[in-house]
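This is a predicted model, so every value here is computed, not measured. Scope of the values below: all heavy atoms of this structure, side chains included, with no hydrogens, waters or symmetry mates.
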Amino acid sequence: MPSDSALSIVWIYPDLLSTYGDQGNVLVLEQRARHRGIETETIHVRSADPVPETGDIYLIGGGEDRPQILAAARLRKDGGLHRAIARGAAMLAVCAGYQIMGTTFGGEEGQPVDGIGLLDIASTRGPARAVGELVAEVDAALNLPTLTGFENHMGVTRLGPGVKPLSRTLVGTGNGDGFEGCYAGHVVGTYLHGPALARNPALADLLLSWRAGPLAPLDDSAYEALRQERLAAVRPS
């Protein structure tokens, strides 16, 4: 990102995919950038609009089956997100948005629906809905603390060789295979709501650093105390 430019945050399809407060991920990125003196501009891209190719960080949230299917079809036709990621943009995709990034996902009746193929994953409908707190230990290569969040999905997600698991599930279901989410390059997919970045500010900082470079530390001591209390309450003894 050029030093004289504002960090561009692109919120994709808030009219279709924005459940469980996922738009809070946008607000967290804006705030944590602002606290470091980094100027931001945020673009809300509705489903009738083209996805800009020049953003720095792209976010997409969760939603119901029909909006998810519509969002996938429009993103496939648009192509702007693929071009943005090819340019080096970062992305966080949550729940339904995470599934859309793959090759296929389960539709309203469990039928396979084409995703956009941005991530080497495939999702289907599982035997039961995964609902509740989710705790996961992050891949050591990302140097992040344990993630927490809330999951509410029917998805089972299989990872292909083109991605790495984001984290190992300690509490909850996640992908359904003992892992939660995935990442490839600067693209992260996860089932974490909460919103994810409000509950995991270190993940927000990772996304910011991928486009803004090394970041000055912030005082997160009060948040960390609350996070440890939450972990103690939900982790198995």
Side-chain angles (χ1 to χ4, degrees), residues 19-22 24-25 28-29 32 59-62 90-102 105-106 119-210 217-218 220-237:
T19 58
Y20 302 110
D22 289 330
N25 291 326
V28 171
L29 285 178
R32 293 186 74 80
L59 301 112
I60 189 168
M91 182 170 192
L92 175 69
V94 175
C95 201
Y98 169 36
Q99 294 180 359
I100 285 172
M101 296 302 114
F105 60 91
L119 289 172
D120 184 13
I121 63 172
S123 300
T124 58
R125 292 177 73 89
R129 179 168 290 277
V131 182
E133 285 293 309
L134 186 59
V135 178
E137 188 175 67
V138 184
D139 183 341
L142 296 178
N143 193 31
L144 296 177
T146 302
L147 299 176
T148 73
F150 180 82
E151 63 179 340
N152 185 352
H153 62 93
M154 287 286 293
V156 173
T157 299
R158 176 184 58 80
L159 308 188
V163 299
K164 296 180 180 180
L166 174 64
S167 53
R168 182 173 60 87
T169 308
L170 302 178
V171 176
T173 300
N175 297 334
D177 61 355
F179 294 98
E180 201 294 306
C182 75
Y183 73 100
H186 291 169
V187 178
V188 175
T190 181
Y191 279 111
L192 291 171
H193 295 288
L197 300 186
R199 293 184 61 163
N200 303 282
L203 179 56
D205 287 352
L206 179 65
L207 293 168
L208 289 170
S209 70
W210 281 342
L218 298 179
D220 288 327
S221 56
Y223 164 80
E224 181 61 22
L226 291 172
R227 195 178 75 88
Q228 291 300 328
E229 288 181 11
R230 183 181 293 120
L231 283 172
V234 300
R235 265 180 163 166
S237 56

Exercise. Looking only at heavy atoms, which two atoms of Ala136 and Ser167 are closest? And how far apart?
Worked result: CB-OG, 3.1 Å

Problem set entry | Donor-acceptor pair, side chain of Asn200 and main chain of Thr148, under 3.5 angstrom | yes

Problem set entry | Residue pair Leu59 / Leu29, side-chain heavy-atom distance below 4.5 Å | yes

Exercise. Nearest heavy-atom pair of Val234 and Val171: which atoms, and what distance?
Worked result: O-CG2, 3.4 Å

Exercise. For residues Glu151 and Tyr20, is any side-chain donor paired with an opposing acceptor at under 3.5 Å?
Worked result: no

Problem set entry | Over all atoms of both residues, closest heavy-atom pair of Gly162 and Asp120 | N-OD2, 2.8 Å

Problem set entry | Separation between OH of Tyr98 and CD1 of Ile121, rounded to the nearest 0.5 Å | 4.5 Å

For this session: Looking only at non-hydrogen atoms, find the nearest pair between Pro165 and Tyr183 and report the distance.
Result: O-CE2, 3.6 Å

Exercise. How long is the gap from CG on Asn175 to CD on Gln99, to the nearest 0.5 Å?
Worked result: 10.0 Å

Exercise. If you measure from CG on Leu142 to NZ on Lys164, what distance do you get to the nearest 0.5 Å?
Worked result: 8.5 Å

Exercise. With a 4.5 Å heavy-atom cut-off, do Leu192 and Val94 have their side chains touching?
Worked result: no

Exercise. Which atom pair, heavy atoms only, marks the closest approach of Ala202 to Pro145?
Worked result: CB-CD, 3.6 Å

Exercise. Between Tyr191 and Thr157, do the side chains contain an N or O donor and an N or O acceptor separated by less than 3.5 Å?
Worked result: yes

For this session: May I ask you to decide if Ala141's main-chain N or O and Asp139's side chain share a donor-acceptor pair within less than 3.5 Å?
Result: yes

Exercise. Mind checking whether Asp220 and Arg32 have side chains closer than 4.5 Å, heavy atoms only?
Worked result: yes

Seminar exercise, completed: The side chain to side chain donor-acceptor pair (under 3.5 Å) partners of Glu224 (sequence neighbours excluded) come to Arg227, Gln228

Exercise. From Leu134 CG over to Glu180 CD, what is the distance, rounded to the nearest 0.5 angstrom?
Worked result: 5.0 Å

Problem set entry | Nearest-0.5 Å distance, CD1 of residue Ile100 to CD1 of residue Ile60 | 5.0 Å

Seminar exercise, completed: Looking only at heavy atoms, the pair that brings Gly189 and Leu166 closest together is O-CD2, 4.0 Å

Exercise. Once you round to the nearest 0.5 Å, how far does CG of Asn25 lie from NE2 of His193?
Worked result: 10.0 Å

